[in-house]
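I have placed the structure first, in the form of structure tokens, so that the comments after it can refer back to it.
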Amino acid sequence: TRTAATIEVDVMPFLGRTRFGGPFDAYFLAMQNLGAEFVRYAPWFPNPKVVVTELEPNDCTPKKPATNWNSTYFDAIVRDFMAAVCGPGAELGRCSSSVVQQLSTIPVWMFTDAHVDIKQFPTNPWNTTASFSAYSKGRTLVDPTCGQ
């Protein structure tokens with residue numbers, strides 16, 4: 001039997017290089033030195049402004065591109081994570097570890113029964129929603145064929 005080091009990394013405020021939640025440099029160094037063979041990256045619902053790039057339904061048409069996407073925070077944390085785990089060349093797709101991206105937070109507008117007012121979210125995207133699970137209420141999809 002062969003055992004391999006594994007780890008799951010969730011999104012926490014220090015990943016955004018904020019002033020609270022812990023030191024980013026310590027996280028980055030720890031991920032670099034861990035040597036985990038299998039790494040799962042799981043950005044999830046407590047910080048929807050960070051992990052959901054499409055908080056509102058798309059507004060694109062055949063003649064107009066969508067303007068509702070904002071991946072600024074998400075791109076930054078994924079870039080840092082991949083650089084820490086994969087090292088130099090991560091931006092070119094080189095990585096010696098197996099990385100699984102678990103994008104598990106679906107936009108609430110895709111559900112008929114998820115009534116969350118995103119305008120009530122904290123201004124600071126790194127503050128978690130109150131309650132902690134406020135963004136995870138949906139069960140019934142607007143489009144059950146998933147063609148949306």
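- Looking only at atom types and distance, the side chain of N68 has a donor-acceptor partner in the side chain of E54 under 3.5 Å away.
- Between the K49 side chain and the P122 main chain, a donor and an acceptor come within less than 3.5 Å of each other.
- Within the 3.5 Å criterion, the main-chain N or O of K63 finds a donor-acceptor partner in the side chain of T61.
- Here the CH2-OG1 distance, from W126 to T18, works out to 7.0 Å after rounding to the nearest 0.5 Å.
- L55 and M110 fall into different hydrophobic clusters, defined by Ile, Leu, Val, Met, Phe, Trp and Tyr side-chain heavy atoms under 4.5 Å apart, directly or through other members.
- Counting heavy atoms from C-beta on, the side chains of L15 and D80 never come closer than 4.5 Å.
- Listed for the T105 side chain is no donor-acceptor partner under 3.5 Å among the backbone atoms of V52.
- Annotation for P48 and F121: closest pair CG-CE1, 3.5 Å, computed over non-hydrogen atoms.
- At most 12 heavy atoms of other shown residues, nucleotides or ligands fall within 6.0 angstrom of atom NZ in K119.
- When side chains are defined from C-beta on, P125 does not count as touching N47, because their heavy atoms never get closer than 4.5 Å.
- Between Y41 and F81, the two ring planes are parallel [angle under 30°; tilted spans 30° to 60°].
- Under a hydrophobic-cluster definition in which Ile, Leu, Val, Met, Phe, Trp and Tyr are linked whenever side-chain heavy atoms come within less than 4.5 Å, directly or via other members, L103 and Y73 are assigned to the same cluster.
- How far CG of L141 is from CD1 of I106: 6.5 Å, rounded to the nearest 0.5 Å.
- In this structure a side-chain-to-backbone donor-acceptor pair under 3.5 Å is missing from N58 to A66.
- Aromatic ring centroids of F24 and F14 lie 6.0 Å or more apart.
- Annotation: side chain of V85 is in contact with side chain of V99 (closest heavy-atom distance under 4.5 Å).
- The backbone N or O of R139 lies less than 3.5 Å from a partner atom in the side chain of D113, making a donor-acceptor pair.
- Under the 4.5 Å side-chain contact rule for hydrophobic residues, M12 and F74 share a cluster.
- How far CG of D143 is from OG1 of T112: 11.5 Å, rounded to the nearest 0.5 Å.
- Linking Ile, Leu, Val, Met, Phe, Trp and Tyr whenever their side-chain heavy atoms come within less than 4.5 Å leaves W109 and I118 in two separate clusters.
- Residues M82 and C86 form a side-chain contact, since some pair of their non-hydrogen atoms from C-beta on lies under 4.5 Å apart.
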Practice problem: Walk me through it: do I77 and V11 pass the test side chain to side chain contact (heavy atoms under 4.5 Å, CB included)? | Solution: CA-CA 8 Å; I77 60 172; V11 172; 3.6 Å; yes
